[in-house]
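What follows is one structure encoded as structure tokens, with my remarks underneath.
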Protein chains: 2
Amino acid sequence: MTNQAVSAPTTSERILDAAEDLFAEKGYSATSLGDVADRVGIRSPSLYNHFKNKEALYQAVLERLLADFTAPQRELDSGPVTYERVFEWLETIVRRHHANPNLARLLQHAALSGGPHTNELIDRFFRPMFQPGARIDGQEVTVFGDAGLQPWAVMAFNNLVMSYVTMAPMYRDLLGQDPFSEAALENQLNLIKSLLRAVFAYRGE
Amino acid sequence: MTNQAVSAPTTSERILDAAEDLFAEKGYSATSLGDVADRVGIRSPSLYNHFKNKEALYQAVLERLLADFTAPQRELDSGPVTYERVFEWLETIVRRHHANPNLARLLQHAALSGGPHTNELIDRFFRPMFQPGARIDGQEVTVFGDAGLQPWAVMAFNNLVMSYVTMAPMYRDLLGQDPFSEAALENQLNLIKSLLRAVFAYRGE
DNA sequence: AATAATAACTAATAGCCGTTAGTATAACCC
DNA sequence: GGGTTATACTAACGGCTATTAGTTATTATT
């Protein structure tokens, strides 16, 4: 009679947890199913009772991550694009990447390798950011010059957020501080928001 | 009687070229010596006539890349840190990363895996950026607030430059343009310089 | 011309990889 | 309680990995 309050994680969930961390750290092909199984505490053939094969495991990991991260984007799209709501959206995704850096790492691995996983990730994560007519308050931002530059700018800010977590080990050693501490999170949040504010405030040379 | 003008690349150089591309694309452990040898057009055991083992090959690749990329940094350190010279330095490293994206990719792989290569790369590439007393014109930049935030800001701008090339495949598919074309380079250069200018111009809320 | 060194090759190694097959044990259903 | 299902296990496979040993052909040195 299993009757716990929040229910202990199932084996499948524990496999997903382990695989997510390992894929994010080493990438797809450098992650071995033996490593995954070791973390869970089972033998690697037992994984096949839960997932068809390595590729299916990767897809399941991806599915779970994307479900978490595309929610704020849909939130932003559901109303007018004001400065305040962009700030909110930015803060939300920064906090979410801090809470779980694995999606950013997975995306970075995929981008580096340019393999078959890349296209799917583009379509499901990045493409939604580039909906036409998503001007900010109907007004273009001076820094970015002509409108043709704007997609680059969106990517730039996204990269700013993501590269913080993909570069986290570098930050740790360089600055001698845990980059995922609450203090470090506030620092990065202030920096990014200040940068965005400077961009909005700037009106030409 | 081989008597060519610029001298054809030696086998060792061709191995380094192939290995550099592959390490940058797939990372250390996902790159096989068989792949490297295939690109050069020889069998994998022949690699051992030129490099002691896989690790030594990686180190040699790294050495050649770092020699290219630390020159501009030493240039900047050799004189007063003015706005103009920071802009110059930024433009130089942006152009250098465009000309050869492989160091950025290698760094990103190392940061993601956090393996033994990470520390060496930090010391040789990033640490020089954080020399004490490198204030800009003796004046702090308002956006970054207190001086304690400044290392974060330096990393942020570096990440902005590097993530462009590590995310290049994403840019290619999203924007439908070669991210390493001359036009794209100018775009990114303008964006980054504009961002830096906005940061300098910004003086509080 | 004889010798030494360079750099390619083939063959073979031990180990790890993803995956399949077959088996045992425990929990559920009727 | 018998049968079914779920999930763990061990054993084994073919393929790929880095690496070593031994061989051969070409080049440079004396």
Side-chain angles (χ1 to χ4, degrees), chain A residues 1-4 7-64 106 109-110 112-113 115-117, chain B residues 1-4 7-64 106 109-110 112-113 115-117:
Chain A
M1 195 170 292
T2 63
N3 188 7
Q4 44 257 4
S7 83
T10 66
T11 305
S12 295
E13 284 166 344
R14 289 169 53 227
I15 294 172
L16 282 173
D17 291 341
E20 183 184 303
D21 285 344
L22 286 167
F23 283 141
E25 182 184 320
K26 314 177 166 206
Y28 180 79
S29 56
T31 296
S32 82
L33 294 182
D35 291 342
V36 176
D38 280 352
R39 288 214 182 180
V40 179
I42 59 178
R43 308 285 180 179
S44 68
S46 301
L47 297 176
Y48 288 79
N49 285 323
H50 302 270
F51 300 94
K52 182 168 152 282
N53 53 26
K54 189 182 181 182
E55 179 64 29
L57 175 56
Y58 181 86
Q59 290 295 336
V61 164
L62 209 63
E63 216 60 41
R64 205 176 56 158
L106 237 61
H109 273 294
L112 282 165
S113 305
H117 298 133
Chain B
M1 193 171 291
T2 63
N3 188 7
Q4 44 259 5
S7 84
T10 65
T11 304
S12 294
E13 284 166 344
R14 288 170 52 228
I15 293 172
L16 282 172
D17 290 341
E20 183 184 303
D21 285 344
L22 286 167
F23 283 142
E25 182 185 320
K26 313 176 167 206
Y28 180 79
S29 56
T31 296
S32 83
L33 294 182
D35 290 343
V36 177
D38 280 351
R39 287 214 182 181
V40 181
I42 60 178
R43 307 285 180 181
S44 66
S46 301
L47 298 175
Y48 289 80
N49 286 322
H50 303 269
F51 300 94
K52 183 168 151 283
N53 52 26
K54 189 182 180 181
E55 179 64 27
L57 174 56
Y58 180 87
Q59 290 295 335
V61 164
L62 210 62
E63 216 60 41
R64 205 176 56 159
L106 237 61
H109 273 294
L112 283 165
S113 305
H117 298 134

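Numbers restart at 1 for each chain; the letters A, B, ... are given by sequence-line order, proteins then strands.
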(request) Figure out the OH/P separation between B:Y48 and C:dT10, and round it to whole Å. (result) 16 Å
(request) Ignoring hydrogens and angles, answer whether the base of D:dA6 and the side-chain atoms of A:N49 contain a donor-acceptor pair closer than 3.5 Å. (result) no
(request) Identify whether any heavy atom of A:S29 sits under 4.0 Å from a base atom; if not, whether one sits that close to sugar-phosphate; answer base, sugar-phosphate or nothing. (result) nothing
(message) Using a 3.5 Å distance criterion without hydrogens, assess whether the side chain of A:T31 forms a donor-acceptor pair with backbone atoms of A:L22.
(response) yes
(message) For B:R64, is there an ion pair with B:D17 - N to carboxylate O distance below 4.0 angstrom?
(response) yes
(request) Would you mind reading off the distance between A:L47 atom CG and D:dT7 atom C1', rounded to a whole angstrom? (result) 12 Å
(request) Nearest whole angstrom, please: distance from the P of D:dA18 to the CG of B:N53. (result) 11 Å
(message) Rounded to whole Å, please give me the gap between CG in A:L22 and C1' in C:dC17.
(response) 15 Å
(message) Without decimals, in angstroms, what is the distance between A:I42 CD1 and D:dC9 C1'?
(response) 11 Å
(request) Measure from the side-chain N and O atoms of A:H117 to the backbone N and O of A:H109, and report whether any donor-acceptor pair falls under 3.5 Å. (result) no
(message) Quick one: does any side-chain atom of A:K54 pair with a main-chain N or O of A:Y28 as donor and acceptor, under 3.5 Å?
(response) yes
(message) Assuming nearest nucleotide by heavy-atom distance, tell me which of A:K52 and A:D35 is located more 5' along DNA chain C.
(response) A:D35
(request) Whole angstrom is fine here: how far is it from NE2 in B:H50 over to C1' in C:dC9? (result) 12 Å
(request) Using a 4.0 Å heavy-atom cut-off across all strands, classify A:S46 as base, sugar-phosphate, or nothing. (result) base
